[in-house]
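Sequence positions, counted from 1, serve as the residue numbers for this chain. When reading the values below, keep in mind they use all heavy atoms of this one structure, side chains included, and skip hydrogens, waters and symmetry mates.
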Amino acid sequence: MQNFDFALQVMVIGFLVVIFTLAGLYGILIVFNRIFYKKEQLKPAETAPAHDTAGEAAAEDEDRRRTAAIVAAVYSYMHERGALSTGSRFNVAVQHSGSPGSASWHIIGRKELLDHRKRLEETRRNKK
C-alpha cells in the first residue's frame, strides 16, 4: 500500500508540474504575441477605392501587347516559311490522332501519352 501512495504522489506532482509548465509557456507566447505582432489597421470602406482602375488598365494593356506580339511573331514565322500568302488570314489548329469529336482533348492527349510510353518501352526491350 505504501508503494501505491508514493506512486499516486509522484503522478499528481508530475501532472501539476506539466500543467504549470504548459501554462507558463502559454503565458510567454501571449506576451511575445502582444510585443511583436502588430494588428493591421483596416481603412474604412469609404476611403478605400473599390477597384484599382489604373492597375487593372495597365495589366490589361500589358496582356493585349503580349497577345499582339505573339500573334505578330506567329504571322511573321508563317509568312517567312511560305505557309501564308500576303494579306491572308490564318487559323491555329491542333492536330491529334483519333476521330474528331470522339473524345475530349484531355482523353486524346492521355491516349497519345500512353501510346508514346508503349513505343518507348518496346524500343527499350528490343535493345536488350
Side-chain angles (χ1 to χ4, degrees):
M1 192 69 181
Q2 191 177 18
N3 287 337
F4 182 72
D5 291 338
F6 179 71
L8 191 62
Q9 288 175 1
V10 169
M11 183 185 74
V12 169
I13 291 172
F15 182 74
L16 290 176
V17 167
V18 169
I19 293 297
F20 284 126
T21 304
L22 289 176
L25 289 173
Y26 182 70
I28 291 171
L29 283 175
I30 290 175
V31 168
F32 279 119
N33 191 19
R34 289 194 179 157
I35 292 173
F36 293 113
Y37 180 72
K38 296 178 181 175
K39 292 184 180 179
E40 294 181 16
Q41 298 292 333
L42 295 177
K43 296 179 182 177
E46 299 164 349
T47 60
H51 295 288
D52 186 15
T53 56
E56 289 176 0
E60 186 176 322
D61 187 42
E62 184 178 330
D63 288 343
R64 287 182 182 175
R65 287 183 182 188
R66 184 178 295 131
T67 303
I70 291 170
V71 170
V74 169
Y75 181 80
S76 174
Y77 176 79
M78 291 178 72
H79 188 66
E80 288 175 2
R81 299 285 181 183
L84 192 65
S85 61
T86 307
S88 64
R89 295 181 180 178
F90 66 93
N91 292 329
V92 178
V94 178
Q95 297 178 357
H96 57 80
S97 60
S99 61
S102 64
S104 61
W105 63 270
H106 66 278
I107 295 174
I108 294 170
R110 198 172 278 175
K111 183 178 182 266
E112 287 180 358
L113 280 174
L114 289 173
D115 290 341
H116 290 300
R117 286 182 185 168
K118 183 179 176 184
R119 278 190 246 140
L120 181 63
E121 188 64 30
E122 289 173 355
T123 305
R124 287 181 181 166
R125 288 181 181 172
N126 288 338
K127 286 184 179 179
K128 293 182 180 179

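Interatomic distance, I13 CD1 to L8 CG, rounded to the nearest 0.5 Å: 10.0 Å. With rounding to the nearest 0.5 angstrom, the NE2 atom of H116 is 10.5 Å from the NZ atom of K111. In this structure, E112 CD and L114 CG are separated by 10.5 Å, a value rounded to the nearest 0.5 Å.
In the hydrophobic clustering, V10 connects to F6, either directly or through intervening members, whenever side-chain heavy atoms lie under 4.5 Å apart.
The salt bridge (charged side-chain N to carboxylate O under 4.0 Å, His left out) check on R65 picks up D61, with sequence neighbours excluded. Checked against side-chain hydrogen bond (donor to acceptor under 3.5 Å, both in side chains), R34 has no partners two or more places apart in sequence or in another chain. Scored by the salt bridge (charged side-chain N to carboxylate O under 4.0 Å, His left out) test, E121 finds R125 as partners (sequence neighbours excluded).
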Donor-acceptor pairs under 3.5 Å, side chain of residues 18-29 to any protein atom, not counting sequence neighbours: which ones?
residue, atom, partner, partner atom, Å
T21, OG1, V17, O, 2.7

